[in-house]
Number of protein chains: 2
Amino acid sequence: MDLSERKLKILQAIVGDFIRTAEPIGSRTLSKKYDMGISSATIRNEMSDLEELGFLSHPHTSAGRVPSDKAYRLYVNSLMEKRTLTKQEKEFISKKLTNNVSELEKTIQCAARLLSEITQLTSFALTPNQNEDKLKYINILPVDSSTVVMMIVAESGKVSNTTLRLIVPYSEDRLELLSKSMTYYYKGKTLSEMLKVDIIKNFKTDIVALSRLAENIMPNFLHILEGMLDVNLYMDGYTNIFSFPEYNDIVKAKMFLEMVNQKDIFTNILINRDNGMIVTIGNENADNHMQECSLITASYHIDGKLLGKLGVIGPTRMKYDEVISVIELMTENLSESFKLTGGNEENE
Amino acid sequence: MDLSERKLKILQAIVGDFIRTAEPIGSRTLSKKYDMGISSATIRNEMSDLEELGFLSHPHTSAGRVPSDKAYRLYVNSLMEKRTLTKQEKEFISKKLTNNVSELEKTIQCAARLLSEITQLTSFALTPNQNEDKLKYINILPVDSSTVVMMIVAESGKVSNTTLRLIVPYSEDRLELLSKSMTYYYKGKTLSEMLKVDIIKNFKTDIVALSRLAENIMPNFLHILEGMLDVNLYMDGYTNIFSFPEYNDIVKAKMFLEMVNQKDIFTNILINRDNGMIVTIGNENADNHMQECSLITASYHIDGKLLGKLGVIGPTRMKYDEVISVIELMTENLSESFKLTGGNEENE
DNA sequence: GGTTAGCACTCACTGGGTGCGAGTGCTAAC
DNA sequence: GTTAGCACTCGCACCCAGTGAGTGCTAACC
């Protein structure tokens, strides 16, 4: 199954050209464009072999050849020359990303936008999964006679707060006691562990005096915890798909847009993907509606722990070399900037 | 310029039919479908008059008539019968909206989704403009030796917090003093007033002992304030546009999607619109790319003060009666539920 | 045996031609 | 003022032939 040097060269030329032009590549075109020292007839024979091996296909008898998913896979794995970004490009990216780094969610959103601008594809960024994040403290502060703010601070620096209107009376002392007790009780537990414990029951028995207040607050507490565990998906560049001639078909464009707009499904696919740089091409994607797309994701981390994801989705005919390099650089930049500034972030 | 009863009836029939079918309406079709007691020839004469008056137009000589923007305007203003929603529909909407009312942003996001589901159009919801919201208090809390959480609470109940990494040392006392001083200084000022004051300068002179700490915190403070003033735009149902045959043209679909995806521009258009139920049809829209669209917005309020907006955008051929009724009901519901639960919200 | 020139063949695409049908505008009669 | 009748218009679907890019095969060449 090892291909000859010449076959590889031909395949590389076809994939490269097709990525650029979206037109099926003919043998004569190839022989004229690249001086390989062989005639179009010879190229035809080689192409025929490559087709038999599953690397190329024919839209119809009298058309040129089109690379298959298998060909793209070979291209990505070994034929493709990794694109090294210029210093300007690198600086541009890191400048844009470190600009307003003080807010995690906004930086991630900004990364998605930047990625779609550079690659001209549909991009997405997933905020970190906070499952393993541990509780630092809980603070309940008075706002007015019936309103309090509940604030949950995690070790990563993530903060969540919610304004609650209470139906039972409270005093500042009691609020403070409740905050302290809850902090004492949960400190060091991960957020998902906290969700699993039957909080209300435990509190009822432990701190009887506060039970009514606690009963009022606890359901909200659970709700906030759930909100903290949610990952957010930011997407950008939906309409970039229109610049690909293969999506000039209204039905195809519609299907693509409907797919990427089903955020719940899409988020799930992303969450369940392995970490690191992952490229899945066409039929390698499990999802039915993604059989004509390639999905590239990479993960970034915060203090080496919480993992979020960043990537693009587009037609299988995409500039893999460029896109991979850009995503690589961006995830590095993100991880770096989150490490340096620590938890300097605004939460949701 | 007053139209005869008969002309109005014909016009109403044409607009109604065209909204349903998207097909130009012919005189014979009309005479067969509606028993008006006049022949197709008479209808043709009336149609010809209506065309001269600018209410109808001809795609080409041998096609039926299509309503103009002027006709839609007349239809919306006087011909249309207001659609009264059934009890089931009303209950469905209010149930969906009050479901997770504890979080303002999420409720608004949910409203946008619901609206696009019901109307099958592209919907949007704008979070309230917080310009007039006044400061309640500022609280800066320690997280670890170099990290603090800054929390800004507004009178409406809106809370914003940001984790800051400080480069100067601090003590709990100093943080508390700074919080108290800032609160004292800004309490009762609106958020936009706070932005305008040269905060750093004032603080340098007022509280000399804390100047270094304040200097470190102030730029972030400004940044958070700006974030609190930002309105958020939630949109949903982008791909609904594909269900309209007039957008089967890939160029049109692309233009529409690119327009609504330019969130900055779109947000601006929405912010600058009058409050209350506003319908702009086709060329009544100032924006160039909206000449073939109708935009319907209504505003909801919170405690009778902060105004947000909710609405839809779609082809001029839309079910105005139904859409207007739904939006009306939803804004009422939103205003109501925000009033009842007060500031029971989670901020961003 | 690999390589190449030559040639017949395939097939999408384009553009002109045609018939159909829905609909109009006009006219003359009611 | 209303209506029937009729010529006319024009988009649309369909057919058909010409074009051109590209293939597959064969026979000759190195």
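The analysis underlying the following values was restricted to heavy atoms, covering all of them including side chains, and did not include hydrogens, waters or symmetry mates.
- One can place CG of B/L50 at 16 Å from C1' of C/dG25, the figure rounded to the nearest angstrom.
- Nearest nucleotide to the B/A41 side chain, out of D/dT3, C/dA12, D/dT23: D/dT3.
- To the nearest angstrom, C1' of C/dG23 lies 7 Å from NE2 of B/H58.
- Considering only side-chain N and O atoms, B/R44 lies nowhere under 4.0 angstrom from the phosphate OP1 or OP2 of D/dT2.
- In terms of position along DNA chain D, the nucleotide closest to B/R6 lies nearer the 5' end than the nucleotide closest to the other residue of the pair A/T61 and B/R6.
- OP1 and OP2 of C/dG23 both lie 4.0 Å or more from every side-chain N or O belonging to B/S40.
- Side-chain nitrogen and oxygen atoms of A/T42 include at least one within less than 4.0 Å of the OP1 or OP2 phosphate oxygen of C/dT4.
- Salt-bridge check for B/R83 with B/E328: failed, with every basic side-chain N at 4.0 Å or more from each acidic carboxylate O.
- The environment of B/R273 atom CZ is dense: over 12 non-hydrogen atoms of other residues, nucleotides or ligands sit within 6.0 angstrom.
- Side-chain proximity of B/T29 to the nucleotides C/dC11, D/dT23, C/dG23 is greatest for C/dG23.
- Note: CG (B/N45) to C1' (D/dT2) measures 9 Å, nearest angstrom.
- Across all strands shown, D/dG11 is found opposite C/dC20 as a Watson-Crick or G-U wobble partner, with both distances under 3.5 Å.
- Taking only side-chain nitrogens and oxygens, B/S39 comes nearer than 4.0 Å to OP1 or OP2 of D/dT3.
- C/dG23 atom C1' lies 14 Å from atom CG of B/L56, rounded to whole Å.
- The shortest distance between the side-chain N/O atoms of A/R65 and the OP1/OP2 oxygens of D/dG24 is below 4.0 Å.
- Residues A/N285 and A/T280 have side chains that bring a donor and an acceptor to within less than 3.5 angstrom of each other.
- Spacing between atom CG of B/N248 and atom C1' of D/dC12 amounts to 16 Å, rounded to whole angstrom units.
- Note: NE2 (A/H60) to C1' (D/dT23) measures 11 Å, nearest angstrom.
- We find that CD1 of A/I43 is positioned 15 Å from C1' of C/dG2, with the value rounded to whole Å.
- Taking both residues in full, the closest heavy atoms of B/Q291 and B/A286 are given as NE2-O, 3.9 Å, listed atom of the first, atom of the second, then distance.
- Going from atom CD1 of A/I38 over to atom C1' of C/dA5 covers 15 Å, rounded to whole Å.
- Inspection of the A/R113 and A/S123 side chains reveals no N or O donor paired with an N or O acceptor under 3.5 Å.
- In the set D/dT23, D/dC10, C/dT4, the nucleotide with an atom closest to the side chain of A/S27 is D/dT23.
- Counting only N and O atoms by type, the side chains of B/S116 and B/Y238 include no donor and acceptor under 3.5 Å apart.
- One finds no side-chain N or O of A/S62 lying less than 4.0 angstrom from the OP1 or OP2 phosphate oxygen of C/dA12.
- In this model, the phosphate group of D/dA4 is not approached by any side-chain N or O of B/R28 to a distance below 4.0 Å at OP1 or OP2.
- Taking a pair to require two hydrogen-bonding distances under 3.5 Å in either a Watson-Crick or a G-U wobble arrangement, C/dT27 pairs with D/dA4.
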